[in-house]
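Please read the structure below before turning to the comments.
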Amino acid sequence: MQDSLLDDLNPQQRLAVTAGDGQTLVLAGPGSGKTRVLTRRLAYLIERKGVPAYDIIAVTFTNKAAREMESRVVTLVNQNLEGIWLGTFHAMCARLLRRESAYLPFKSNFVIFDESDQLSLIKRSLRELNIDDKTHRPAGVHAAISAAKNDLQLPKDVPRGTYRDEVVARVYEKYQSYLSINNAVDFDDLLLYTARILEEHPEVREKYARRFGHVLVDEFQDTNLAQYVMLKHLSSYHHNIFVVGDEDQSIYRWRGADYRNVLRFEKDFPKCETILLEQNYRSTQTVLDAARQVIDRNRNRTPKHLFTERGTGNKIVQYVAVDDIAESAFVVDTISQYLKSGKASANDFAVMYRTNAQSRLIEEALMHSGLPYRLVGAQRFYGRREVKDMICFLRLVANPTDEVSLLRVINIPPRGIGDKTILTLQTTAMQAGLSVGEVLLDLGQKGDASAFWSAVGRPAALLADFGTLLAEWQSVKDKISLTSLFDRIVEDTGYESYINDQTEEGNDRWDNLVELRRLAFDFEEKGMDEFLQNLALVSDQDTIPQAESEEPDRPKGAVTLLTLHAAKGLEYNQVFIMGLDEGLLPHSRSRDDPEEMAEERRLFYVGMTRARNQLYLLRAERRRMFNAWDYGEPSRFLADINSDLVLNQGRHGVSRRETYESDFRWSTTSITPKRMVVETPKETKYKAGMRVRSANWGDGLVLESKIDSDSEETVDVHFESVGFKRVLASLANLEIL
DNA sequence: TCGCCAAGACTTTTT
DNA sequence: GTCTTGGCGA
């Protein structure tokens with residue numbers, strides 16, 4: 001019997017796809033056909049079980065995953081997916097909240113603030129509350145608020161035990177009130193409000209729970225508490241929930257993701273059927289074995305025995321470079337050799353690293369050798385200044401009371417409206433009980449006849465000019481198309497000449513605006529509101545050509561450079577993982593938290609399992625950090641891989657630094673010839689773990705000690721009294737206890 | 001008000 | 001190294 005939906009699946013995959021009603025947990029190792037199972041499951045429900053698409057909700061984390069799933073399902077079933085809820089968690093929540101805004105502190109046409117908007121609101125809240133932003137960094141406070149939201153806490157739920165908690169709770173409250181004034185929500189709110197609305201209003205919960213006969217979830221290991229609770233409520237009527245994930249690939253803990261939701265799922269649904277997908281279709285057995293040796297050291301997970309029919313394959317190549325430059329040189333040399341032999345093309349290669357900062361050296365090395373490369377994700381499209389500016393202009397036209405947007409663009413391009421003027425404007429508005437935008441519009445429309453003309457003083461004319469522009473855009477916004485409005489704003493503000501200074505960078509910036517205009521064109525029919533509401537939920541990966549896709553303008557392809565985080569879900573024939581040094585991978589910030597250390601291990605595991613044929617693990621004996629050499633230890637993860645699986649290509653003796661120097665922008669002053677000789681680090685007097693006493697700060701614990709370029713010993717100490725300090729050994733006079 | 005310079009930070013970043 | 005931020009002088 002032929003069955004196109006099931007025939008080409010392995011037994012485990014088939015078991016998952018055809019699982020009966022109830023709760024199903026599919027634990028899918030890397031390369032085991034997770035996406036395939038999910039799409040076939042959808043198709044199976046619709047085609048074989050006669051489930052109307054309308055009854056299904058399928059959630060993913062990225063737009064890319066959602067789009068991919070949709071297009072694959074469409075080719076599998078002979079009907080359209082009319083009425084299905086298929087999309088990212090955030091998009092699905094936004095849809096639900098727009099319908100149920102009656103229960104919420106904002107209107108249904110709310111906008112979603114992105115990260116920069118959020119941060120500017122946090123800063124304003126801190127200022128308003130007179131909280132010092134040095135001791136309470138905006139990003140840190142925001143992270144704390146975000147964590148609270150992911151844990152389903154409202155401001156009143158935040159514990160107020162310490163002064164810090166108190167600060168967070170107060171800023172949280174203020175921040176929410178600002179969001180509300182602007183009719184805006186942040187990313188976390190989408191999840192928080194959805195979970196809470198389902199929790200607190202039985203009639204809403206029942207409405208959606210009844211509707212969704214089937215709930216399907218991708219990347220389940222990356223859900224946070226809010227998402228978990230939401231899923232539980234959505235499936236509380238029909239109890240059909242099908243989740244796919246892999247605890248070992250959970251790498252977003254710092255965003256609230258909790259892989260233990262996998263364990264929680266099994267506990268909450270004791271009758272759930274658990275299916276393990278262990279056959280791997282991507283890598284060689286060598287890669288899988290090595291990866292397993294690394295990941296098996298983690299606890300609280302379901303052990304998996306990944307196997308492949310692809311054979312043993314090549315050994316993993318380990319290479320210890322003399323320094324960071326040599327590390328990059330090795331990558332470039334190796335790739336060049338492959339390409340010369342004709343055995344591979346550039347897009348077979350990926351170079352992965354822990355931190356974006358590491359991309360610089362490899363980029364320079366690739367550029368130097370003329371190899372084409374593609375950098376994933378470093379510069380974000382929507383984060384770019386010019387793109388953000390334009391979006392704020394549009395948001396302002398759509399909603400003049402949006403103060404965040406207004407304050408951003410009121411003086412862009414510079415039109416003589418400074419801090420002082422803005423402050424008077426704000427005070428005037430507050431006294432009149434109006435928003436800043438409304439005052440501005442009044443000034444623009446009535447000129448010196450406006451009631452506010454004298455109140456704002458000398459710069460009144462400047463403000464009125466901008467107000468006039470704004471009023472004009474407002475009056476035409478419903479009469480002309482979105483792109484025409486776009487052009488009009490660019491024209492009226494002289495924005496093009498402001499950003500495009502005819503340098504290469506200026507041209508790039510202008511190109512970004514042209515790209516944004518192209519995106520806006522897709523919303524010509526749906527209109528500006530829809531465009532703005534969706535903007536924040538579109539990630540950069542949707543606008544930047546992705547690694548696996550063919551780019552017509554680059555037939556030969558390019559080497560892909562990306563962080564380990566960005567690598568999840570992708571695969572390459574040859575994978576280089578750079579910087580396998582203690583402090584880098586695992587990252588030093590994870591040093592004293594076992595949970596974070598476990599996540600570093602998973603991150604490495606994700607990277608390793610991206611490789612189809614050949615994996616290269618690299619490290620450098622020393623690298624340049626700030627202005628000194630940093631001598632690292634090999635990553636602890638390397639020791640976990642059995643040496644039988646590894647081919648050690650040893651250590652290069654020559655740094656390429658000299659050869660670069662002539663035609664690259666290495667600063668010659670910072671690299672004296674003396675330091676090009678490989679030098680052994682001098683012994684440090686203080687060692688990590690030592691207890692020391694200082695006359696100033698009392699007792700403390702040495703975290704790290706190193707010799708910098710001037711042979712000075714720098715010691716990092718955690719003092720009981722004052723916390724972390726970095727001191728020079730020669731000056732601090734630390735007594736070893 | 002603007003633009004320049006110096007100081008300090010700097011993990012990852014699906015939405 | 002490179003980015004942002006804050007202070008200061010024109």
Side-chain angles (χ1 to χ4, degrees), chain A residues 59-66 87-94 112-116 118-119 123 133-134 137-140 142-143 146 150 185-191 218-219 221-224 226-227 249-257 324 352-361 363-364 376-380 382-383 385 411 413-422 458-459 462 534-542 546 562-569 579 583-591 596 599-600 602-604 606-607 623-627 664-667 670-671:
Chain A
V59 280
T60 62
F61 275 85
T62 65
N63 289 296
K64 193 180 156 217
T88 63
F89 268 102
H90 292 84
M92 296 300 96
C93 289
I112 299 160
F113 273 6
D114 69 16
E115 215 165 297
S116 65
Q118 294 169 28
L119 221 51
K123 285 181 191 155
D133 63 358
K134 288 277 187 313
R137 304 204 159 277
H142 181 255
S146 173
N150 291 331
V185 299
D186 66 16
F187 294 132
D188 301 313
D189 283 340
L190 292 169
L191 308 175
D218 190 15
E219 305 276 19
Q221 77 283 353
D222 286 333
T223 52
N224 58 35
Q227 287 159 327
Q249 294 185 69
S250 171
I251 53 174
Y252 287 98
R253 194 181 108 88
W254 45 277
R255 301 193 61 152
D324 44 4
M352 303 175 187
Y353 34 79
R354 177 68 239 261
T355 69
N356 274 315
Q358 287 171 263
S359 74
R360 213 190 83 249
L361 284 180
E363 264 191 276
E364 286 179 2
V376 174
Q379 252 296 7
R380 327 193 64 211
Y382 289 102
R385 195 183 66 203
N411 199 32
R415 51 172 71 87
I417 303 173
D419 291 346
K420 194 92 180 290
T421 312
I422 290 172
R458 211 158 20 124
L462 294 168
N534 282 288
L535 218 40
L537 292 179
V538 180
S539 88
D540 302 305
Q541 307 221 332
D542 297 312
Q546 253 299 300
L562 73 183
T563 61
L564 289 164
H565 281 89
K568 194 165 85 164
L584 212 48
L585 182 62
H587 198 274
S588 53
R589 293 257 176 129
S590 316
R591 182 169 35 192
E596 295 209 353
E599 179 141 320
E600 295 290 309
R602 293 193 291 268
L603 196 51
F604 181 42
V606 165
R623 35 185 97 239
R624 210 142 243 285
M625 288 196 113
F626 306 110
N627 241 344
F664 254 96
R665 51 202 159 97
W666 293 104
S667 94
S670 66
I671 305 158

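As the structure is a computational prediction, the values presented were derived from the model and not from experiment. Naming: A, B, ... by sequence-line order, numbering from 1 per chain.
Comparing dT14(B), dG1(C), dT5(C) by their closest approach to the side chain of K568(A) singles out dT14(B). The listed nucleotides are dT11(B), dC2(B), dT13(B); the one nearest the side chain of S590(A) is dT11(B). Considering only the side chain of R360(A), dT2(C) comes nearest among dT12(B), dT1(B), dT2(C). Taking only side-chain atoms of T355(A), from C-beta outward, the nucleotide of dT12(B), dT1(B), dT14(B) with the closest atom is dT12(B). Of the candidates dT14(B), dT11(B), dT1(B), dT14(B) carries the atom nearest the D222(A) side chain, counting heavy atoms from C-beta on. Nearest to the side-chain atoms of Y252(A) among the listed nucleotides dT11(B), dC2(B), dT14(B) stands dT14(B). Checking dT1(B), dT11(B), dT13(B) against every side-chain atom of R589(A), the shortest atom distance belongs to dT11(B). Among dT1(B), dT11(B), dT14(B), the nucleotide with an atom closest to any side-chain atom of T62(A) is dT14(B).
To the nearest angstrom, P of dT13(B) lies 11 Å from CD of Q358(A). Residue I251(A) contributes atom CD1, which lies 18 Å from atom P of dT11(B) at whole-angstrom precision. Whole-Å rounding puts the L361(A) CG to dG1(C) P distance at 12 Å. Between the CD atom of Q227(A) and the P atom of dT14(B) there is a distance of 15 Å, rounded to whole Å. Remark: C1' of dC3(C) and CG of N356(A) are 13 Å apart, rounded to the nearest angstrom. For the pair N224(A) CG and dT13(B) P, the interatomic distance rounds to 19 Å; values are reported in whole Å. Distance, R602(A) CZ to dT12(B) P: 18 Å, rounded to whole Å. Summarising the geometry, the separation between CG on L191(A) and P on dT14(B) is reported as 15 Å, rounded to the nearest angstrom.
Residue-nucleotide stacking is present for H587(A) and dT11(B), judged by a side-chain ring centre under 5.5 Å from the six-membered base ring centre and planes under 30° apart.
Residue S588(A) is out of contact with every strand shown, counting any heavy-atom pair closer than 4.0 Å. When heavy atoms are screened at a 4.0 angstrom cut-off, N411(A) is found touching the sugar-phosphate backbone but no base atom. Residue R415(A) is in sugar-phosphate contact alone, with no base atom involved, counting any heavy-atom pair closer than 4.0 Å across all strands shown. Residue D188(A) is classed as having no contact, given no heavy-atom separation below 4.0 Å to the nucleic acid.
Contact check, T563(A) against dT13(B): a side-chain N or O comes under 4.0 Å of OP1 or OP2.
For G418(A) and H565(A), each mapped to the nucleotide of DNA chain B holding its nearest heavy atom, the one lying further toward the 5' end belongs to G418(A). Nearest-nucleotide positions on DNA chain B place T421(A) closer to the 5' end than the other of R137(A) and T421(A).
H565(A) places a side-chain heavy atom less than 4.5 Å from the side chain of Y252(A). Residues E596(A) and H587(A) have side chains not in contact (no heavy-atom distance under 4.5 Å, counting atoms from C-beta outward). Contact of the Q227(A) side chain with the F61(A) side chain is registered, since non-hydrogen atoms from C-beta on lie closer than 4.5 Å.
Checked by atom type and distance alone, the side chain of N63(A) pairs as donor or acceptor with a backbone atom of L537(A) at under 3.5 Å.
A search for salt bridge (Lys or Arg N to Asp or Glu O under 4.0 Å) contacts involving E219(A) returns K34(A), K568(A), not counting sequence neighbours. Listed by chain and number, the residues in a side-chain hydrogen bond (donor to acceptor under 3.5 Å, both in side chains) with S146(A) are D188(A) (sequence neighbours excluded).
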